[in-house]
Amino acid sequence: MAVRPEVIAALESQFAGIAPSEFRGQTRVTVPAAQLLDVLTTLKQTHDFDLLVDVTCVDYLNYRDATNRFGVAYLLANTTTAERLTIRVMLDEPNPAVSSVVSLWEGANWLEREVWDMFGIHFEGHPDLRRILLPDEFTAHPLRKDYPLQGRGERHNFPVLTRGEG
Amino acid sequence: MPLTLADAAADAEGAQDYLWTLNFGPQHPATHTTLRLILKLDGERIVDAIPDLGYLHSGFEKLGEHLDYNQYVTVTDRMNYISPMANNVAWHHSVETLLGIELTPRCKYIRTIIAELARISDHLLSTGAIGLDVGAFTFFLYAFYQREKIYDIFESLCGARFTNSYTRVGGVMHDITPITITKIREFVNDFPRTIDDMERLLNRNRIFVDRTKDVGLLSKEAAINRSCSGPVARASGVARDLRKDEPYLAYEDFDFQVCCSTAGDCFARYYVRMAEMRESLKIVAQAVENIPAGPVNVGLDERTTLPSKQQVYQTIEGTITHFELVMANRGFEVPQEETYAAVEAPNGELGFYLVGDGSDVAYRARCRPPSFIHFATFPDLIRGHTLSDVVAVLGSLNIIAAELDR
Amino acid sequence: MAIEELPENVVVSKLDELASWCRKNSLWPMPFATACCGIELMATGASRHDLARFGAEVFRFSPRQCDLMIVAGRVVMKMLPVLQRIWQQMHEPKWCISMGACASTGGVFDTYSVVQGIDRFIPVDMYIPGCPPRPEQLIQGIIDLQDKIQLEGTVGGREFDLRARQQRKRSLVELPIVKTSGLILPR
């Protein structure tokens, strides 16, 4: 469900430099990275967006008309009114970093770890930023667009057991 | 500050040497598939649990950037593999949201039926697995026999019993047949008896109730704060069901209840699932008697759905449409935009964040995995309980490793 | 003095064949179920398909008690060392079934993390095609494996010393790393 216009109006009056847009009835707001935590705190405390549905990231490496390398998306929902709102933050290399929202939602902990694992986005203030899905010795961030689908040979890097060694 | 693997190793030599470290998994019968827990035990009491996952990470999302919108449905089958149909519906619901396709009423009804049958089969296995893990093996056999009946329905519907890949962009693989409808009617008639039996087996079974009541408590605030959804959140009192809150497909037309509990323990999660099966059965019973007539797929001239084989072989429009849709870069008209659309999958909110770039392959296909989010609550749920409660909590959260790791 | 006529209830056989016959009819599978095939493995063991009819229903989750490993589902980078360790923990004689396309070849998952066939890293006796295989296919695979066991075993386990069985399989030869423009066309 689309967000009430007064929420967007309140956000625009409170924060400078945010850009709302709408597509297929879904409201998205792009905010500068420095203001992310303030915007999300306001949304959670004042406008009652109490559920963090997902945290994800998109690598816009070869995307047409893209100006930034990464876009981190925070999908929020209001459990009372069933409104949904997407907050996006644009980041660039080198060292893409954004502040962590674990202080607001504990559920963000693993979601941010996954984004770190897959894209190498650094979340400042995250209590435990480690790889979550891939082995610790893995060096690449596989969902980046410059990483090949079939990998760089990591999947074949194991000893072979034959019958005799069993 | 949560414990890390390095801490666990350091503590083993340090001051807390009375604590015992137990490695649970990755190959363990109660994990059902593959996940690993490192448990810190004080006697039999669990002081802390460190989940270690990724033992089934197979690059689903990377694959989604290389397969087109129709091909990727086969991969979603293997995501939550105890209810593949629900994943098919979720994927193409998201794709159709991005592409702006409105389904035909008949297709909406068919998808509703299969999604609800998938929910029943998912809940059968997940409740059956709790039973199996805490020692009620008969319960599992009862549940699995009914799953075989649902497999039969799916097999007559689309030819595959387990990994169905039934939906297509703008429609389904092919129309529902009278034989399938007869089978669904039989199932609707027979199933309540089994579910009565299943409830009689466990609901007042002293061993089962003692092992699940007040174990793994999740409060309502924690459930929201931890992003829980689906039966796990509803068992903690969060009355959120996407079928009611943002009705998609044909859910507006049916009379059904959202099942909630306020206890938030393992038994409540089991109980909510059992109750949801009855509600799903109500939806199926209503839907199967009221399937609207008309075409099942979006029309040929819309150029979005793969035409049926008869149209491909016998009409020139069908042939041309088919070729255009399967040829690279001639297929769908995809906006250069981003959308998120979710459905109420058996396990919780299953959504896809899609980024289209104009081609017929998604630029980014992010799946919002309910298992992953529910598993994050596990250390909090198990802390303070005994080792034997691990299997009960794991079973009640219904962790599916392929969805957990993707 | 030779026995002129055997009574009906006496069967003459070689000791090797007797041992093989015993082995093949009391397989204890170790379900290494990682993914979707694991659910079909459960279906095979459950009431409708009932694997017990073929003498292989005693699923044991401890590798030390088992002699047949059924690898059901894809094996990924992080899991492969675990698989090898479990294989090493099983006692001889032991066999391995690679169930489903993912375990045998990687299946649809030609991605950075999935091992493209477990036979690159551990020996496999029987491959079952399908994604996932139907329970009937799994049962057929087990029956075929039983035939194979009947043909090859000896009491002393001499067959495990043969050079042919210790040779690396053809697929174990080091493969060049596949480029991105392999199976799936670049966009």
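As the structure is a computational prediction, the values presented were derived from the model and not from experiment.
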Would you mind checking which part of [X] comes under 4.5 Å of any heavy atom in chain B, side chain (CB onward), backbone (N, CA, C, O), both or neither?
X: C:Leu83; value: neither
X: C:Pro63; value: neither
X: C:Phe32; value: both

Engaged part of [X] at the chain C interface, taking heavy atoms whose separation is under 4.5 Å:
X: B:Phe144; result: side chain
X: B:Leu56; result: both
X: B:Phe60; result: side chain
X: B:Leu53; result: backbone
X: B:Ile400; result: neither

Over-ring placement of [X] relative to [Y], 6.0 Å and 45° cut-offs:
X: B:Arg406; Y: B:Phe372; answer: yes
X: C:Arg74; Y: C:Phe109; answer: yes
X: B:Lys149; Y: B:Phe187; answer: no

Working to the nearest 0.5 Å, report the span between OG of B:Ser371 and CE of B:Met79.
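These two atoms lie 11.0 Å from each other.
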Under a 4.5 Å cutoff for heavy-atom pairs, which residue among C:Ala46, C:Gly38, C:Ser47, C:Cys131 has the most contacts with chain B?
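The option with the most such pairs is C:Cys131.
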Are B:Asp152 and C:Arg48 close enough, and set up right, to give a salt bridge (Lys or Arg N to Asp or Glu O under 4.0 Å), and what steps lead you there?
CA-CA 12 Å; B:Asp152 280 352; C:Arg48 184 183 285 186; 3.2 Å; yes
Verify whether one side chain among B:His57 and C:Tyr112 offers a donor that lies under 3.5 Å from an acceptor in the other.
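There is such a pair between these side chains.
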Quick check on side chain to side chain donor-acceptor pair (under 3.5 Å): which of B:Arg147, B:Glu155, B:Glu148 does B:Tyr151 satisfy it with?
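Of B:Arg147, B:Glu155, B:Glu148, side chain to side chain donor-acceptor pair (under 3.5 Å) with B:Tyr151 is met by B:Arg147 alone.
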